[in-house]
Number of protein chains: 2
Amino acid sequence: MSLAVPTLRSCADCPIRYNAVCSRCEPDELDQLEEIKYYRSYAAGQTIFFNGDPLEFVGSIVSGVSSLTRTLPDGRVQMVGLLLPGDFIGRPHRETIDCDVIAETDVMLCCFRRKPFEAVIENTPHVGQRLLEMTLDELDAAREWMLVLGRKTAREKIASLLHMIATRMASLKPGETAATTFTLPITRETMANYLGLTIETVSRQMSALKKDGLIAFDERRDIRVPDLEALKAETGEDA
Amino acid sequence: MSLAVPTLRSCADCPIRYNAVCSRCEPDELDQLEEIKYYRSYAAGQTIFFNGDPLEFVGSIVSGVSSLTRTLPDGRVQMVGLLLPGDFIGRPHRETIDCDVIAETDVMLCCFRRKPFEAVIENTPHVGQRLLEMTLDELDAAREWMLVLGRKTAREKIASLLHMIATRMASLKPGETAATTFTLPITRETMANYLGLTIETVSRQMSALKKDGLIAFDERRDIRVPDLEALKAETGEDA
DNA sequence: CGCCGAGTTGACTGAAGTCAAGTGTAGTGG
DNA sequence: CCACTACACTTGACTTCAGTCAACTCGGCG
């Protein structure tokens with residue numbers, strides 16, 4: 001399952017030191033975590049956990065993008081979470097995992113065996129407090145997404161996803177202003193599973209938004225948004 | 001806003017003593033909470049918080065049912081949470097609330113002003129640990145609901161909601177075996193808002209399930225489920 | 001008694017799904 | 001170097017499920 005494990009690194013120069021579950025830790029708490037941590041790597045497309053797997057470890061995404069999906073017996077798939085660097089996988093005091101966890105890109109995890117990690121939560125305040133805050137943020141995001149899934153049209157769903165990705169990308173390079181260009185990190189199928197649509201509908205709505213001048217692309221994954229506000233007006237969230 | 005406030009009661013004989021945010025508290029922790037708690041009552045239909053309101057208190061539902069909803073500018077509504085007795089309203093360290101909170105039935109809340117409650121979380125372990133566990137449960141429920149909203153048919157959505165309410169109600173009164181009879185705590189419109197459907201579709205699917213013998217009702221809100229397993233088979237979750 | 005709101009039912013419409021055929025690109029092996 | 005395959009994506013024709021609009025019942029209440 002794992003690829004080559006990277007050379008062990010110290011928490012001090014970890015890229016997610018200040019937004020992961022460990023971000024509030026005092027030095028002595030960090031020492032406790034450092035004792036039980038280890039790294040694992042996964043290639044794009046690999047499954048990190050299958051639904052029902054025993055939850056032997058929990059951990060943080062150090063780099064890459066991972067998705068949580070649930071599948072109905074007849075094969076219908078719904079993505080229920082998108083995990084970025086710093087996000088947490090697994091939950092304490094749960095014996096098994098109840099969705100598939102898939103590496104959408106190459107992923108590196110900082111793992112803790114579950115039982116020792118539960119002990120850390122019992123014994124130190126800051127890990128549990130940070131985990132509570134992160135879980136509340138995830139709950140807010142999930143509720144936002146329920147509105148998209150339950151009440152938006154296909155066109156609005158696509159516009160919402162593109163607008164979310166565009167603004168997130170734009171916030172990473174704050175020099176640029178109105179027009180934004182980015183490479184979609186996910187396939188049409190992944191978009192469809194996120195939005196509760198079929199790939200055909202995704203494709204048609206992408207073409208329609210292109211025809212209407214709201215987005216532009218030649219290479220299928222390289223998207224240009226000439227006017228972010230115009231795209232936002234298509235999400236249904238604007239008055 | 002508030003109706004007549006009930007006579008103050010002690011935590012010892014509180015109906016949600018063993019499943020609310022305080023359920024893990026040691027006697028001294030309970031004393032701390034008892035010092036800052038107060039009760040509020042709301043009539044069915046009242047709004048407890050409007051979207052954007054300052055979050056001055058948090059608290060537990062002692063009795064009744066409350067909903068969380070989000071609304072698009074053109075009026076489309078999506079319910080994003082259904083809170084039953086023991087469930088928690090509000091989140092620590094958040095200045096405002098980002099959805100509407102509505103009393104679906106008469107509701108009694110056990111409230112704590114937010115700032116003192118945050119202090120309790122900092123100073124005692126068991127409130128934060130229990131709140132983390134409850135929030136993780138809510139996140140699981142939200143993800144389960146994303147699958148319902150994104151991928152299920154109208155009939156499967158209705159069956160899923162009825163099955164969920166039947167099982168949750170059953171868990172609240174552990175004396176009865178398989179609670180196959182319950183009173184729907186919500187209107188058809190509320191059901192529609194929860195399921196991402198119209199009231200007409202809800203009504204039609206309720207009639208269809210009734211015709212197929214999966215549920216029975218004369219009074220529109222008093223539902224009898226003769227065979228919980230048969231209902232579950234209609235949710236799409238059974239193989 | 002008439003009004004109102006909750007709910008039901010019917011006729012029709014339309015948005016998204018299904019099925020099918022196609023393009024374009026990348027990789028593989030003879 | 002060119003088939004051959006595989007995969008991601010697009011497009012078209014048709015179907016269907018749920019939405020829209022409208023008429024109706026039922027019960028409660030001033």
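Just so we're clear, the structure is a prediction, and the values are computed from it rather than from any experiment. Proteins get letters first, then strands, A, B, ... in listed order; numbering begins at 1 in each.
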What is the distance from [atom1] of [X] to [atom2] of [N], rounded to the nearest Å?
X	N	atom1	atom2	value
A:Met191	D:dC9	CE	C1'	12 Å
A:Leu184	D:dC9	CG	C1'	13 Å
A:Ile158	C:dA16	CD1	P	10 Å
A:Leu195	C:dA16	CG	P	12 Å
A:Asn193	D:dC9	CG	P	12 Å
A:Asp218	C:dT23	CG	C1'	15 Å
B:Glu200	D:dA22	CD	C1'	10 Å
A:Lys211	D:dT10	NZ	C1'	15 Å

For B:Ser203, report the nucleic acid contact type (base, sugar-phosphate, nothing); a contact means any heavy atom under 4.0 Å.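 B:Ser203: base contact, heavy atoms under 4.0 Å.
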
For residues 76-83 of chain A, please give each side-chain donor-acceptor pair under 3.5 Å, one per line with the distance, not counting sequence neighbours.
from	atom 1	to	atom 2	distance (Å)
A:Arg76	NE	A:Asp74	OD1	3.2
A:Arg76	NE	A:Asp74	OD2	3.0
A:Arg76	NH1	B:Arg151	O	3.0
A:Arg76	NH1	B:Glu156	OE1	2.8
A:Arg76	NH2	A:Asp74	OD2	3.0
A:Arg76	NH2	B:Glu156	OE1	3.4
A:Arg76	NH2	B:Glu156	OE2	2.9
A:Gln78	NE2	A:Asn193	O	3.0
A:Gln78	NE2	A:Tyr194	O	3.1

Flag the pair A:Phe49 / A:Phe57 as yes when their ring centroid distance falls below 6.0 Å, and as no otherwise.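 Centroid separation for A:Phe49 and A:Phe57: below 6.0 Å.
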
Applying side chain to side chain donor-acceptor pair (under 3.5 Å), name anything that partners A:Thr235, two or more places apart in sequence or on another chain.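 For A:Thr235 there are no side chain to side chain donor-acceptor pair (under 3.5 Å) partners, ignoring immediate neighbours.
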
Can you name the residues that form a salt bridge (Lys or Arg N to Asp or Glu O under 4.0 Å) with [X], not counting sequence neighbours?
X	result
A:Glu144	B:Arg70
A:Asp53	none
B:Arg143	A:Glu138

Identify each atom pair where a protein N or O and an N or O of nucleotides 23-28 of chain D are less than 3.5 Å apart, giving names and distance.
none

Holding to side-chain contact (heavy atoms from CB on, under 4.5 Å), I want the full list of residues that pass it with A:Arg94, two or more places apart in sequence or in another chain.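 So A:Arg94 forms a side-chain contact (heavy atoms from CB on, under 4.5 Å) with A:Leu55, A:Arg91, A:Asp98, B:Asp137, B:Asp140.
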
I'd like to check the side-chain contact (heavy atoms from CB on, under 4.5 Å) partners of B:Arg204; sequence neighbours left out, ordered by chain and number.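 Listed in chain order: B:Glu200.
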
B:Ala103 and B:Ala43: which non-hydrogen atoms are nearest, and at how many Å?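 Looks like CB-O, 3.6 Å.
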
For nucleotides 17-19 of chain D, tabulate all protein N/O to nucleotide N/O atom pairs closer than 3.5 Å, reporting atom names and distance.
from	atom 1	to	atom 2	distance (Å)
D:dA18	OP1	B:Ala154	N	2.6
D:dG19	OP2	B:Thr198	N	3.4
D:dG19	OP2	B:Thr198	OG1	3.2
D:dG19	OP2	B:Thr201	OG1	2.5

